[in-house]
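Only heavy atoms go into these numbers, but all of them, side chains included; no hydrogens, no water, no symmetry mates. Here is the naming used below: chain letters follow the sequence lines, and residue numbers restart at 1 for every chain.
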2 protein chains.
Amino acid sequence: MPTPDRTAAKEKFMAFLEEKNLRITSQRRAIVETVFGTDQHFTAEQLLEWARERDASVSRATVYRTLPLLTESGLVHEMDFGKDYKIYDPNYADHPNHNHIICDDCDKIVEFESDKLDALETEISSKLGFSVKSQQLRINASCEEMKKLGACKNKDH
Amino acid sequence: MPTPDRTAAKEKFMAFLEEKNLRITSQRRAIVETVFGTDQHFTAEQLLEWARERDASVSRATVYRTLPLLTESGLVHEMDFGKDYKIYDPNYADHPNHNHIICDDCDKIVEFESDKLDALETEISSKLGFSVKSQQLRINASCEEMKKLGACKNKDH
DNA sequence: AGCAAGTCGAGACCGAGTCTCATTTGCAGG
DNA sequence: CCTGCAAATGAGACTCGGTCTCGACTTGCT
């Protein structure tokens, strides 16, 4: 599974800018190329560093100004794992509602989606008089199955 | 529904301190009285303010030093709603598995519990080879119903 | 009472993120 | 191509929650 249709994402974002009468500057181009040139999650600071490799003139302020545009466009997802920085996911358009299970023992993170879960959340929310805008489920767990199956290689015993 | 058995919580925390060979100081007493003297969620800064009403000598540093002890003891729950500050829940011992809906517009927080949700999480997790240790679901929403019902008083239009 | 270790408050400090402002740049319209 | 101007930019000051340091003060044990 190589990088999906990143060109489409880039173009969608350019269209989004145009729609809002915002300009396509060289710095924004560098940032967008960077964001959709990876599948990895990243922090604002990482994005700054990477974007500067493409265009040294990109400043911290511009990165922080562009990030909200990216999330507003729906192409990038902002996530908060309780650390003191935020994490961004450039694959959001392809997996708009995914959740995370984190193994407390080995720090492995597995993503999953569930229509049942989404439906249940919507149902509960509307009962309480809310309309869902976004959701974030984090499950801390231990991956005992994995250990049984073959984690002997990376742990002692 | 008046305040539940807060005295028990206070005593549990004192016992927790003793167990760890930590001292019971007047400042810690003021903080603990404050924390278990309310049912409300609070921020560190709010706790500082409230605790100072009981004992003016309580400092910011002490509040921030005591909060981790409270969460470590399992009596208070630390939560992160994607704002730039953390929120603490002094009722955690009584409702260990509750979830939150946050209104992005008015910052209202509603708690709920759902056996269906818990079951679904367990089911999904075990399918993926994990066993749940803890979970945190946050739904960001807008409370449109509330607005309809009577927010005319605090908004213009 | 006396002492050692734990704890304290004040304020320096940290780091992610925001804001200001003088300068530059994209992009019509000519 | 040129010109005008609003939008966008970079540098760095700033904000703000939270942490750390350090000398002074308490607690709890003897």
dG18(D) phosphate, OP1 or OP2, under 4.0 Å from Tyr64(B) side-chain N/O: yes
Rounding to an integer number of Å, can you tell me how far Asn21(A) CG sits from dT25(C) C1'? 17 Å
Short side-chain N/O contact to dT9(D) OP1/OP2 from Ser59(A), under 4.0 Å: no
Just how far, in rounded Å, is C1' of dT27(D) from CD of Gln27(B)? 11 Å
Tell me: CZ of Arg29(A) to C1' of dT9(D), nearest whole Å? 15 Å
Please report the distance, rounded to the nearest Å, between NZ in Lys83(B) and P in dC16(D). 16 Å
Find the distance Arg60(A):CZ to dA8(D):C1' and express it as a whole number of Å. 18 Å
Between P on dA28(C) and CD on Glu18(A), what's the gap in Å once rounded to a whole number? 8 Å
Would you indicate which nucleotide in dT7(C), dC8(C), dA10(C) comes nearest to any side-chain atom of Leu22(B)? dT7(C)
For the side chain of Ala44(A), counting heavy atoms from C-beta on, which of dC8(C), dG17(D), dG17(C) is nearest? dG17(C)
Between Gln135(B) and Asp118(B), do the side chains contain an N or O donor and an N or O acceptor separated by less than 3.5 Å? no
For Pro68(B) and for Arg52(A), find the nucleotide of DNA chain D with the closest heavy atom, then tell me which residue's nucleotide is more 5'. Arg52(A)
Nearest whole angstrom, please: distance from the P of dT21(D) to the CZ of Arg65(B). 11 Å
If you check every side-chain atom of Lys86(B), which of dA5(C), dG18(D), dC19(C) has the closest atom? dG18(D)
Taking only N and O in the side chain of Arg28(B), is any of them less than 4.0 Å away from OP1 or OP2 of dT7(C)? yes
Rounded to whole angstroms, how far apart are CG on Leu17(B) and P on dC8(C)? 10 Å
Testing the 3.5 Å rule here: is there a donor-acceptor pair between the side chains of His41(B) and Glu111(B)? yes
Over 60° means perpendicular and under 30° means parallel, so classify the ring planes of His100(A) and His98(A), tilted if in between. perpendicular
Nearest heavy atom decides the nucleotide; on that basis, is Tyr85(B) or Ser26(B) closer to the 5' end of DNA chain D? Tyr85(B)
Output the single nucleotide from dT9(D), dA10(C), dC19(C) whose closest atom is nearest the side chain of Ala61(B). dA10(C)
What nucleotide, of dC8(C), dA4(C), dT18(C), holds the atom closest to the side chain of Arg23(B)? dA4(C)
With a 4.5 Å cut-off on side-chain heavy atoms, are Phe36(B) and Val76(B) touching? yes
Can you tell me if Thr122(B) and Ser125(B) form a side-chain donor-acceptor pair at under 3.5 Å? no
